[in-house]
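Before any comments, here is the structure.
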Amino acid sequence: MCRAASLVTLLQGCNSMRRLRRIHAQVIVSGLLRNPTVSAKLLAFCATSTAGDLSYARLLFSHLPPPLHLDHWNSLIRGSSRGPAPLDSLHLYNAVARSSSVSRPDAVTFSFLLKACERSKAAAKCREAHGSIVRIGFSSSVIVCTNLTRCYAGNGLIGDARKVFDEIPERDLVSWNSMIACYCRAGLHEGALKIYDEMRVLGVGLDEFTTVGLLSSCAHVGALNFGIQVQEFAEKNGFLERNIYVGNALVDMHAKCGSLDGARRVFGRMRRRDVFTWNSMIVGLGVHGHGDESISFFQRMLMAGIRPNSVSFLGLLMGCSHQGLVGEGIKYFQLMHSEFNLQPDLKHYGCMVDMFGRAGELDRALQVIRSSPCSDDPVLWRTLLSACKIHKNVEMGEIAFKNLAHLSAQNAGDCALLAGIYASVGDSQGVARMRKMVKDQGIKTTPGWTWIEVNGEVRKFVVGDTSHPDTKEIYEKLKEMVSRAAPLCSAPVSSKEDAAVEALEELSENGGDCHSEMLAIACGLMKTSEGTSLRIVKNLRVCKDCHSLTKMVSRVYGREIMVRDRVRFHHFKDGSCSCSDYW
DNA sequence: CTAGGGTTAG
C-alpha cells in the first residue's frame with residue numbers, strides 16, 4: 001500500500017514520457033498495475049497531459065487487467081477527443097455505454113464526448129449524444145449542457161445551440177459567456193450583443209470573459225459606443241489592469257471602430273503587452289492606411305522582445321499597400337522569411353499584388369502571383385484585375401480575366417471590372433462582350449449590406465432595403481441628401497460607355513440608386529444629433545460614386561463619416577477622405 | 001488543479 005502511494009506521488013510529479021516509462025516499469029514489476037488508483041494515474045498522464053502520448057495510452061489501456069473503471073475510459077475519451085482522430089472518442093463511448101462491467105457514463109464522459117463531436121464536425125453525432133444525455137439523465141447538468149451548446153454551435157447549428165441553452169435549468173455565467181462566444185464564432189455579432197441585454201434584464205453579472213466576447217462583437221460590427229460602455233464597465237471593475245485579454249480586445253475594438261486615438265490610449269495604459277496587443281495596433285494602423293506608423297509599432301514590438309507572427313506581417317503589408325510604400329513592403333515581405341522564418345500565405349501575397357498593382361507596377365504584381373504557391377487562387381487575379389482598372393491597362397486586365405475564367409471563378413464583379421477597363425479606353429465592343437457574358441452565363445453576384453450603430457442599436461441595410469419600420473423617412477432623407485450633395489461631386493458619369501458599365505455594376509455589386517451604405521448614412525443623419533460622427537461597416541468595397549458622394553455629404557452636413565469596407569477604412573471629413581482617393 | 005467560457009489574422 002505504501003508502495004502504491006509513493007508511485008502515485010511520483011506520477012503526480014511526472015513531466016515527460018521518459019520518466020513515465022520508468023515509473024510504468026516499476027508499476028509492472030511491483031504488480032501494482034492491478035491497483036486502479038495507480039493505473040488510472042498512469043493512463044491519465046499518457047492520455048491527457050501535454051507531455052503525454054496517446055498511442056502509448058491506448059497500448060497501456062489494452063493491457064490493463066480487468067476490471068476497468070470509468071476513470072480509465074474517461075481518460076482515453078478525453079485524450080482522443082483532442083487528438084488527431086476525435087471520432088475514436090465516440091467508439092470508446094459506445095463501448096462504455098454497452099459495457100456491463102463499468103458504471104454508466106458520467107458528466108465527465110459526456111463533456112469529452114461532446115468535445116469530440118464538436119471537433120469532428122459531426123452534426124449527426126451531436127444529436128445522438130444529445131439523445132443519450134437526455135436518456136441517461138444529464139440534461140440538467142449545466143456543464144454538460146454548456147458543452148452541448150458549443151457542440152451544436154460548432155457544427156453550424158446555432159438554433160439548436162440556443163434551444164439547449166434556453167432549456168438549461170440553472171444557467172451560470174460560464175454558460176452565458178459560452179453562448180456569446182458561439183454567436184461570435186458564427187459571425188452573428190448582433191446576436192452576441194443582444195445577449196448582453198438579456199443578461200442585464202436578468203441581472204446576470206459580467207466578468208472578463210463576457211467583456212472580451214462583447215468587445216470582439218463590437219469590433220466586428222463597428223459599434224464604438226457600445227464598446228465604450230463595455231470599456232467603462234471593465235475599467236470600473238479593474239479588468240483592464242488584471243487581464244490582458246480585456247486590454248487586447250479593447251485595443252482591437254477601438255482600432256476596428258476607427259478610433260485610433262482610443263486604441264493608442266488603451267495600448268499606452270496596458271502594463272503587459274503580448275503579440276495580440278501589438279498586432280491589434282499594427283493591423284489597426286495598417287487597415288487605416290497608416291503604413292508608416294504600423295512600421296514604427298512593429299519596430300517597437302521587436303525592441304520590446306516580442307516575436308512577430310504572420311498576422312504582424314499581414315498588418316504591416318496592408319499598411320504598405322494602402323499607403324503605397326512599395327520599398328518598405330518589399331523589405332518586410334522578405335524579412336518575414338529571412339529573419340523570422342515565417343511562410344507568407346495567400347493574404348500576404350494578396351497584399352503584395354495589391355501594393356504593386358495599385359502603385360502601377362502591374363508586371364511586378366503579375367510576377368508575384370506567378371511565383372507564389374497560390375497562383376490558382378482567384379483572389380490574387382481579382383486583385384490584379386482591380387489594379388488594371390485603376391491604371392486602365394487592357395492587356396494585363398485580359399490576362400487576369402483569362403486566369404479567372406480558366407479557374408471558372410469569374411463573377412459579375414470581375415466582368416464589370418474588365419468592362420470598366422474597356423470603357424476607359426473607349427472600347428465599346430469590349431463592354432458589350434462583357435455585358436453579354438454576364439447575361440448568358442447568369443454569373444452570380446454578391447449581395448451587399450451595411451451596418452450602422454444608431455442610438456445603441458445595430459441596424460443592417462441591404463440594397464433597396466424596405467424592411468425597416470422607418471423606411472419612408474429614410475428614403476426621404478436619402479433624397480434630400482443626394483439633392484444637396486450630388487451637385488458638388490465632380491466628374492459626373494455621362495458617356496455612353498460609362499453608362500454601359502454602370503449597368504454592369506448594378507448587376508455586380510450593390511445595385512443602382514440606393515447602395516446600402518447610402519441608406520445607412522441617411523438613417524444615421526436622421527437619427528443622430530447634429531455633429532455626431534457616423535460609423536458604418538460594409539461587406540463590399542466602397543464604389544467610386546458612393547465615395548465621392550460621401551465626401552460631399554461630410555461637407556454639406558458637417559459630419560465625420562467613417563466607413564469600414566471589405567479591405568480598409570475611409571475617414572470622410574469636410575469633403576475629403578483619409579485615403580486621398582488612393583484605394 | 002478531477003467536466004464547461006475569452007483576444008489579432010482567416
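What you see is a predicted model, and the numbers here were worked out from it, not measured in a lab. Letters A, B, ... are given to chains in the order of the sequence lines, protein chains preceding strands, and every chain is numbered from 1.
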Any donor-acceptor N/O pair under 3.5 Å between B/dG4 base and A/Asp172 side chain = yes
Taking atom types as they are modelled, is there a donor-acceptor pair under 3.5 Å from the base of B/dG6 to the side chain of A/Asn243?
-> yes
Between B/dT8, B/dG4, B/dG6, which nucleotide has the shortest distance from any of its atoms to the side chain of A/Asn279?
->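 Of the options given, the side chain of A/Asn279 lies nearest B/dT8.
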State which of B/dT7, B/dT8, B/dG4 makes the closest approach to the side chain of A/Asn147.
->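 Within the option list, the nearest is B/dG4.
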Just jot down the side-chain contact (heavy atoms from CB on, under 4.5 Å) partners of A/Val353, sequence neighbours excluded, or say none.
->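 Scan of A/Val353 (side-chain contact (heavy atoms from CB on, under 4.5 Å), adjacent residues dropped) gives A/Ala365, A/Val368, A/Ile369, A/Leu380, A/Thr383, A/Leu384.
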Can you list the residues that meet the ring-ring contact (aromatic ring centres under 6.0 Å, His included) rule with [X], with sequence neighbours excluded?
X	value
A/Phe110	A/Tyr93, A/Phe138
A/Tyr245	none
A/Tyr152	A/His130
A/Tyr332	A/Phe298

Taking only heavy atoms on the protein side, list every residue of residues 254-275 of chain A lying under 4.0 Å from any atom of DNA chain B, sorted numerically.
-> A/Lys256
Under the criteria of a ring-centre distance below 5.5 Å and an interplanar angle below 30°, is A/Phe276 stacked with the base of B/dT7?
->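 So A/Phe276 counts as stacking on the base.
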Looking only at side-chain N and O atoms, does A/Ser216 come under 4.0 Å of OP1 or OP2 in B/dT8?
->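 Checking A/Ser216 against B/dT8: at least one side-chain N or O falls below 4.0 Å of OP1 or OP2.
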